[in-house]
Amino acid sequence: MKKFLALTLSVLMLAALVLPMTSCSDANTLVVCNWGEYMSTGADCDYDVIKEFEKTTGIRVKYVTAESNEALYSKMKTGSGKYDVIFPSDYMAERMINEGMLAEINYDNVPNYANIMDNWKGLDYDPDSKYTVPYFWGTVGLIYNEKMLTKEDLALVEECRDWSILWSKNYPKQIMMFDNPRDAFAIAQSILGMDFNNESEVSWRVAAELLKEQKSISPAYVNDEIFLKMESGEAALAPYYAGDFLTMQENNPDLAFVYPKEGVNFFVDAACILKEAQNK
């Protein structure tokens with residue numbers, strides 16, 4: 001499960017990417033790696049995107065999800081992930097572009113690209129929009145259970161909006177933390193007043209030491225489990241994605257959300273075609 005904010009950048013962008021495929025049996029399955037909760041399955045509404053895509057195009061879809069950008073990258077580098085279309089986040093898309101892992105997109109095959117607002121095109125990680133089509137954007141914030149915090153900590157979170165509450169020793173085994181370096185380091189760097197994208201090794205080591213301090217209080221380092229455990233009331237505090245919080249709060253009204261004053265991570269996830277894709 002990953003982030004999910006209600007900005008629809010395109011309609012059936014995936015279909016536009018692959019419609020030119022032939023119907024040969026060996027080339028009739030599209031392998032897609034995406035994030036959890038990033039495509040409607042028909043569970044919460046009457047529209048199953050993949051089913052409708054298969055019915056419309058005659059192309060089968062093998063759909064898998066990734067736990068993190070780093071896990072996705074590792075599968076690409078080791079060759080264990082044989083995908084056609086992937087949805088990396090901005091910083092990972094940039095890395096894949098620099099390492100020659102992505103194919104240039106033929107926009108003649110992507111007519112719905114015209115429906116994307118101009119401010120989402122030509123972003124820093126792909127300034128010429130050669131390799132990526134923006135899919136979702138979002139932000140990270142702090143989620144907390146109002147019924148599980150002490151009165152003092154609740155005031156601290158609501159008034160001070162401070163990331164440092166995730167370093168509190170008042171909630172043993174009830175604090176959760178991102179198990180991915182981009183979001184985890186962004187929180188430490190926010191507290192330290194650092195640029196998330198700075199290239200100073202000294203700065204990164206300082207942020208790493210702060211994360212080691214947090215590790216000493218034994219937070220649970222997870223990704224998708226944050227959604228489930230915060231929603232079920234098993235955890236008191238966690239950073240997570242703003243869009244997912246809205247869904248979580250529907251099922252658990254004790255949950256609340258703030259943007260800590262020190263700063264938050266902003267991201268864009270994009271659709272890409274791998275250079276080694278079998279079914280471009």
Residue pair Tyr107, Val133: steps toward the side-chain contact (heavy atoms from CB on, under 4.5 Å) verdict:
CA-CA 10 Å; Tyr107 280 98; Val133 174; 4.0 Å; yes
With a 3.5 Å cut-off and no angle check, do the side chains of Asn69 and Asn180 form a donor-acceptor pair?
no
ILVMFWY network linking Trp35 to Met92, side-chain heavy atoms under 4.5 angstrom
no
Measuring from Glu231:CD to Asp244:CG, what's the distance to the nearest 0.5 Å?
9.5 Å
Tyr73 and Arg95: side chain donor to acceptor below 3.5 Å
yes
Hydrophobic cluster membership, with links at side-chain heavy-atom distances under 4.5 Å among I/L/V/M/F/W/Y: are Tyr83 and Leu30 in one?
no
Establish, from distance only, whether the side-chain atoms of Asn223 and Ser68 form a donor-acceptor pair under 3.5 Å.
no
Residues Met96, Ile86; criterion side-chain contact (heavy atoms from CB on, under 4.5 Å); working and verdict:
CA-CA 11 Å; Met96 291 180 171; Ile86 60 174; 3.7 Å; yes
Answer yes if the ring centres of Tyr241 and Phe227 are under 6.0 angstrom apart, and no otherwise.
no
Using a 3.5 Å distance criterion without hydrogens, assess whether the side chain of Asn198 forms a donor-acceptor pair with backbone atoms of Asp195.
yes
Mind checking whether Glu158 and Tyr144 have side chains closer than 4.5 Å, heavy atoms only?
yes
How about Leu123 and Asp90: do any of their side-chain heavy atoms sit closer than 4.5 Å?
no
Taking only Lys NZ, Arg NE, NH1 and NH2, and the carboxylate oxygens of Asp or Glu, determine whether Lys51 and Glu54 approach each other closer than 4.0 Å.
no
Salt bridge Asp162-Lys261, side-chain N to carboxylate O under 4.0 Å:
yes
Under the 3.5 angstrom rule, does the side chain of Arg161 hit a backbone N or O of Val258 as a donor-acceptor pair?
no
What heavy-atom pair brings Cys33 and Leu72 nearest, and what distance separates the two atoms?
SG-CD1, 3.8 Å
With a 4.0 Å cut-off, would you call Arg205 and Glu201 a salt bridge?
yes
Look at the side-chain heavy atoms of Ile, Leu, Val, Met, Phe, Trp and Tyr, link any pair under 4.5 Å apart, and say whether Val222 and Met248 land in one connected group.
yes
Assess whether atom CG of Asp124 is packed by more than 12 heavy atoms of other residues, nucleotides or ligands within 6.0 Å.
no
Counting C-beta onward and ignoring hydrogens, is there a side-chain heavy-atom pair between Val264 and Leu142 closer than 4.5 Å?
no
Carefully, step by step, assess Met177 and Leu211 under the rule side-chain contact (heavy atoms from CB on, under 4.5 Å).
CA-CA 10 Å; Met177 185 64 171; Leu211 290 172; 3.9 Å; yes
For Trp163, is there any backbone N or O sitting under 3.5 Å from a side-chain donor or acceptor partner on Glu262?
yes
Trp137 and Trp120 aromatic ring geometry - parallel, tilted or perpendicular at 30°/60° bounds
parallel
Gap separating the CD1 atom of Ile165 from the CG atom of Leu156, nearest 0.5 angstrom
5.0 Å
Is there a donor in the side chain of Tyr91 and an acceptor in the side chain of Asn197, or the other way round, less than 3.5 Å apart?
no
Would you say Asp254's side chain and Lys147's backbone share a donor-acceptor pair under 3.5 angstrom?
no
So does Lys229 get a backbone contact from the side chain of Ser232, meaning a donor-acceptor N/O pair under 3.5 Å?
yes
Give a yes or no answer on whether the side chain of Asp126 reaches the backbone of Lys130 with a donor-acceptor pair at less than 3.5 Å.
yes
Classify the ring geometry of Phe178 against Tyr240: parallel below 30°, tilted from 30° to 60°, perpendicular beyond 60°.
parallel
Charged N-O contact under 4.0 Å between Glu276 and Lys82:
no
Distance, nearest 0.5 Å, that separates CG of Leu210 from CG of Leu192:
5.0 Å
Report whether Val110 and Ile97 are members of the same hydrophobic cluster (ILVMFWY, side-chain heavy atoms less than 4.5 Å apart, transitive linking).
no
How long is the span from the CD atom in Glu225 to the CE atom in Met230, to the nearest 0.5 Å?
14.0 Å
With rounding to the nearest 0.5 angstrom, report the CG to CD1 distance, Leu166 to Ile191.
7.0 Å
Looking at Asp48, is its backbone amide N or carbonyl O close enough to the side chain of Thr41 to form a donor-acceptor pair, meaning the two atoms are under 3.5 Å apart?
no
Please examine the side chains of Trp204 and Phe185, heavy atoms only from C-beta on, and report whether any two atoms are closer than 4.5 Å.
yes
How many angstroms lie between atom OH of Tyr113 and atom OG of Ser129, to the nearest 0.5 angstrom?
3.0 Å
I want to check something: taking the side chain as every heavy atom from C-beta on, are Ser168 and Asp153 in contact at a cut-off of under 4.5 Å?
yes
Find out whether Pro219 and Gln214 are in side-chain contact, i.e. whether some heavy atom of one side chain is under 4.5 Å from a heavy atom of the other.
yes
Using a 6.0 Å cut-off, check whether atom CD of Gln278 has over 12 heavy atoms from anything other than its own residue.
no
Please check this pair: side chain of Asn265 against backbone of Ala186, looking for a donor-acceptor N/O pair closer than 3.5 Å.
no
Side-chain heavy-atom pair Leu149, Tyr171 within 4.5 angstrom cut-off
yes
Derivation of the side-chain contact (heavy atoms from CB on, under 4.5 Å) call for Tyr131 and Glu104:
CA-CA 5 Å; Tyr131 304 94; Glu104 289 194 26; 3.5 Å; yes
Within the side chain of Asp84, is there an N or O that forms a donor-acceptor pair under 3.5 Å with the backbone of Ala277?
no
Hey, are the side chains of Glu152 and Asn170 touching, using non-hydrogen atoms and a 4.5 Å cut-off?
no
Are the side chain of Gln189 and the backbone of Met194 linked by a donor-acceptor contact shorter than 3.5 Å?
no
